[in-house]
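Okay, structure first, notes after.
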Amino acid sequence: SESEKSKEPVAEKGKVELTISAAASLKDAMDVIQASYEDEHPEVTLTFNFGGSGSLQQQISQGAPVDLFFSAAEDKFDLLVAEGMITKDNSIDLLGNELVLIVPEEDTTIKSFSDLTKENVSKISIGTPEIVPAGAYGKEALETMNLWNEVESNIVYAKDVRQVLSYVETGNVSAGIVYKTDALLTDKVKIIATAEADTHTPIIYPVGIINDSKNYDATKEFYEYLQSDETIEIFEDYGFTAQ
Amino acid sequence: MDSLLNSIFSEAFLSPIWVSLKIAIIAGIIVILIGTVAARFFARKQFRGKAVIETLLMLPMVLPPTVVGFFLIVIFGKNSWAGQAITWLFDRPIIFTWWAAVIAAIVVAFPLMYQSAKSGFLAMDRDIENAARVDGASEWKIFFFISIPLASKALISGSILSFARALGEFGATLMFAGNIPGETQTLPIAIYIAIDSGNMVMAWLWVIAIVTLSFLMLLAVRVKE
Amino acid sequence: MDSLLNSIFSEAFLSPIWVSLKIAIIAGIIVILIGTVAARFFARKQFRGKAVIETLLMLPMVLPPTVVGFFLIVIFGKNSWAGQAITWLFDRPIIFTWWAAVIAAIVVAFPLMYQSAKSGFLAMDRDIENAARVDGASEWKIFFFISIPLASKALISGSILSFARALGEFGATLMFAGNIPGETQTLPIAIYIAIDSGNMVMAWLWVIAIVTLSFLMLLAVRVKE
Amino acid sequence: MANLKLQQLTKVYNKNEIAVKDFNLDIKDKEFIVFVGPSGCGKSTILRMVAGLEDITHGELFIDNQKMNDVSSKDRDIAMVFQNYALYPHMTVYQNMAFGLKMRKQTKTEIERRVNEAAAILGLKPFLHRKPAALSGGQRQRVALGRAIVRDANVFLMDEPLSSLDAKLRVQMRSEIISLHSRLQTTTIYVTHDQTEAMTMATRLVVLNHGQIQQIGTPKEVYEQPVNVFVAGFIGSPAMNFFSGSLTASGLKIGDQYIPIPAGLLPQNSSQDIIIGVRPEDMYIESATPMFHTEIEAVELLGADTMINAGLGDQPFTARIPSSIAIEPGQTLPLSIHLNRMLFFDSQSKNRIF
Amino acid sequence: MANLKLQQLTKVYNKNEIAVKDFNLDIKDKEFIVFVGPSGCGKSTILRMVAGLEDITHGELFIDNQKMNDVSSKDRDIAMVFQNYALYPHMTVYQNMAFGLKMRKQTKTEIERRVNEAAAILGLKPFLHRKPAALSGGQRQRVALGRAIVRDANVFLMDEPLSSLDAKLRVQMRSEIISLHSRLQTTTIYVTHDQTEAMTMATRLVVLNHGQIQQIGTPKEVYEQPVNVFVAGFIGSPAMNFFSGSLTASGLKIGDQYIPIPAGLLPQNSSQDIIIGVRPEDMYIESATPMFHTEIEAVELLGADTMINAGLGDQPFTARIPSSIAIEPGQTLPLSIHLNRMLFFDSQSKNRIF
Ligand SMILES: Nc1ncnc2c1ncn2[C@@H]1O[C@H](COP(=O)(O)OP(=O)(O)OP(=O)(O)O)[C@@H](O)[C@H]1O
Ligand SMILES: Nc1ncnc2c1ncn2[C@@H]1O[C@H](COP(=O)(O)OP(=O)(O)OP(=O)(O)O)[C@@H](O)[C@H]1O
Ligand SMILES: [Mg+2]
Ligand SMILES: [Mg+2]
């Protein structure tokens, strides 16, 4: 496929438009990075397609014209690697994230994960483990902390992390487990505790170049830019951890 | 083959079907009733601000379902007036219950019934209602014995659309009623999760189930054509 | 205040409105056209398997939109016959294009137009068509000059519903057309993303925009009542 | 079983189309009033106002001395035959007729009795279980009539209830309606275009034109003493012949034809120019001392009678003679007029002067 | 401008309701055929089959010798007045009439000319821009008529086109249709319940009953020589009187009344029991040598004529006498019958024997 790409008259001096499918949770950080990158590379236009990692993966595997995939779920990413859409060499586990316990802003009853088993805790929301990575990690962490069996009956499964946030923001659940980066998006919830790193498999945000990319060189350049120190700092500002 | 049969008769497979059926039927009936009444009312009355009210009724169609769901949890949530009233009445909040799914389905299906029914009431020959009026029928009796049968084609189409919409309701339900297996996990939610998590066998079985339900519904109203 | 005005006249704010309008109008027109023709055809013909076909046409209503989107990317995907034909013709896949959003909107809005229009064609006095037939009108002219005006109430209600549905379409579009600002990022998607990333000011502005559009649409068809 | 008072009743459509104007009519209990008038003169509109189906633009309507302008149709206790039938398309013939009785909470057996009785009278027995769409035009009209007559309402309103029936059935239905009225004595307003119905059924006939009353009177009065040219020409079929002529001391001049008439049969104190009205049946063939001779232009055989068209002083007229006399166009006939049945109208006001 | 051949035409609704049965009729080019028959006898159904709006169950329809059973309505070049009008509710009166012309690609000026001409004839000029819903019943019917007459179709089908018009307008419209026919010579089938129309318009009259032809003939033939009791009783208004009686060598016995009749005016070779038909206008008051005396039961004044109901040998009858003779119920009158106009029917088959 490398030879095929070289046949492409890669926009030498002309405009290049890169399409990047990225997990919705990366949006704010990516907006900042996009601005600075386009300043530095006026010939490049970055088009972001934000969505759920699962949808993004299905789109790519059905041939969507994407240059770069930035996933919030390692398993979805691995599916594309397995399909041969992404080569290991052109991918990297770029970011990490932390799992936090959040409660409504004014709540005072819950102070730690173990408080989830208290009598007066009604509902706890996590993402649906089968489809929301944060939910899967949350379930795993609760299991490791031996709280799962006790709280399972109180769990409300959400379609995505945003939904967990909405529930907590509106006080309709007593607590929720989300990524730290998501919790920072709203000031109507407060972070009570962070799950220890050893309670769950590491949270990884892999990024990789799609083999079918028609702008391989420009993509590669951006891919490398993402790994630069100043970029990583931006991500860290938004709560991500460098991998 | 055996495993397929096992899946089909498993609680896990059947549960979303029952949940969906129950919710769609109850929501469908409620929507058909209030949609028909509201449509007849609005079809016959002209007043200022009618367009504004009708726009509000149409809102659930144009907003993303998740946003509709978000409004619902705000309106019926525990900090709202309605939410507190419900908690006080039933000793528990409505959110995450089976009734929440019914409400979500009602809200999204209502505009379909309303618009269809209204077109039926507008299109009909008013002199037949007049004949009933002369025959001594009260407005309610005219509504039941004359207007509804005369607008039946439009009402049936509205019912089909509303029931289908209630059966297929997904985004708002997921937000307002949550995804609680056996309680609020409807067929569309189950299908979504199955596909997203790559469980294509279950996904297809459920798709077949929902297609069958739709087919049976269409057959049921067919007699009237 | 200034910043609010700035937001309103910013490209970022206006772009989803244009995108949505363009998509909803084009999809709406296409749906109205083919929905009306299909409805008239099915309203007048009785044949075996009609219920099956009608069920299939209803499917986009009962399936979660994301699943509809999933089917669309499979149908038009790189491994399908249709997908390959399109790639060969246009030198790029249809997914992520503006046309993909139009197709998604068409698919989900079609059942609404179809059902409404059919009820209109079924309810109407056939002898008026007969009069036109005797007057020498071809079937197409009868369709245009007689059937459509006579079923106008039902067609308008179908058009309102379809346009609203196309305008509000979210799940299938997000899946099939992606979320590409200025190209496929429609109002519902923009609202969803704005809420998702906590940008409530933009979210509310867009909600107001979509409500205004719906209101204008209802006003536009009002004249006919 | 009710009296009606229509006072200055006026109906204006779309702000400027006057359909009925200052209509005044007192209808006594048990009367059978027949409305006649040309197409579009406002007959149905009045009926619809009385029934409460059309707003009254001005004026007042009283039923049994109670003002009814704002009373709903259902509380007026009226039974109506709609001109366009307005049958319930989703109900069978039986259900169509039973509906009003059901609404007024009659018992099931009573409903059955009455509907079956009406169906028998109307010849609808074989169709009781059909829907209106599967009926012929005349059958539908009979259902519409049946729906009214099963009710014992206070007032019957019938808008051309027999127009789609064949002559034989119409005669039969006419006498059924008459006997129904003499049995129930229900105050009735009946609209018809049929001269025979108008003449035979009415206790009083109301002749309308352009939404206004021309004459009210018994059929005999209206036929024999029409107030103006319009009424004279409208009532009677074939229509009255009108000649413009001039009065002389001892007769009439019509064109170049002079007709001597005894002074007592001529109007006095009238201007010289005059319109003379002669009914077709008041002309006859008289070989002995004919008033005039005329050449027959056309002959129309109508079964019992023959209509002949000819001219008198260059003015065309129609005369009715028995079919037993064979007549050919082109033939010249000696004709006379029954002098005592001639009518005279003012040529300006068109009102009758003698 | 076309001939029609209806061969064994049969229409069965819902598998077992026979509306028309083995209907055979050859209509020559330029003929004006009138259908009459009781309500529900199948007149409209035949028209609708000819127009192609109703499937033909059995039999064949030819227009200009071409089989038409499966030809679409639009290719039959027929203009039709529907019994229920079937106006285009969304079009103005003008557009309603213009539609057929537009479909046949007439020029705009030609359309305008024809529509305006028809509107003038029909008195619809003031309503050209109204929709049908804002018209009176008679106005609607005229629009339906106008929609047909603006077209110069091959065949005109008119289903009671004048039933909702007042007598005066009806006479006027009737003569307009007659003059239209004599101008365009379009083959026409015309359904009517109006005896006058039937008698005056038809080149041939078709009398139907229960979906079957009873008699075909000129109006005069049908009126004077009806083939059976049904036709005799159906044509003529008021209807023919029928008496059952028995034949003797030199006369008739009706009840206890004996009527001597010259042998030449009596049927030969007939069974003794017989039905005698006498039209109301064939009875007359004769003081000199009356055939019988009878007591008047009821008197009905109809303008020019008076109908009297009485009995002959206990069998009721109606007679028509001039209104100029004043008659009261209860009075006894000397009556005679025009012997040469009596009709005789077999009491079994009901067919006319003399
Ligand atoms: N759709 C139908 N289904 C069953 N029977 C029908 C249908 N249409 C008409 N008929 C029957 O067929 C017979 C003939 O009907 P048609 O309309 O031809 O009568 P017609 O002679 O025109 O009567 P009219 O003078 O009352 O209009 C009637 O008895 C009627 O009840
Ligand atoms: N909705 C309407 N809008 C405007 N004009 C109307 C409307 N309805 C009736 N008219 C007019 O009012 C007049 C009276 O109508 P109406 O129906 O009372 O006449 P009618 O005497 O019953 O005539 P017909 O004998 O033809 O039935 C007509 O000239 C008609 O055109
Ligand atoms: Mg009328
Ligand atoms: Mg008929």
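Note on naming: letters A, B, ... go to the chains in the order of the sequence lines (proteins, then strands), and numbering restarts at 1 for each one. Computation of the quantities below employed the complete heavy-atom set of this structure, encompassing side-chain atoms and omitting hydrogens, waters and symmetry-equivalent molecules.
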Applying a strict 4.5 Å limit to non-hydrogen atoms, the region of A:T186 in contact with chain C is neither
Taking the six-membered ring for Trp, are C:W140 and C:F143 parallel (under 30°), tilted (30 to 60°) or perpendicular (over 60°)? perpendicular
Examine whether an atom of C:F70 lies under 4.5 Å from a heavy atom of chain A, and if so say whether it belongs to the side chain, the backbone or both; otherwise answer neither. side chain
Within residues 155-166 of chain A, which positions have a heavy-atom distance to chain C below 4.5 Å? A:K159, A:D160, A:R162
On a heavy-atom basis, which atom in C:S80 and which in C:V74 lie closest, and how many Å separate them? CB-O, 3.5 Å
Is the shortest side-chain N to carboxylate O distance from C:K50 to C:E54 below 4.0 Å? no
With a 4.5 angstrom heavy-atom cut-off, is it the side chain or the backbone of A:S25 that approaches chain C, or both, or neither? neither
Please flag which part of A:F48 lies under 4.5 Å from any non-hydrogen atom of chain C: side chain, backbone, both or neither. backbone
Mind listing the closest non-hydrogen atom pair of C:P16 and C:W206 along with its distance? CG-CZ2, 3.6 Å
For C:F121 and C:F42, I'd like to know if the aromatic rings sit close, meaning centre-to-centre distance below 6.0 Å. no
What closest approach, in Å, do A:D67 and A:K214 show between heavy atoms, and which atom pair accounts for it? OD1-N, 3.8 Å
What pair of heavy atoms forms the shortest contact from A:T181 to A:G239, and how long is it? CG2-C, 3.5 Å
What pair of heavy atoms forms the shortest contact from A:F222 to A:I20, and how long is it? CE2-CD1, 3.6 Å
Chain C contact via A:D28 - which portion, at a heavy-atom distance below 4.5 Å: side chain
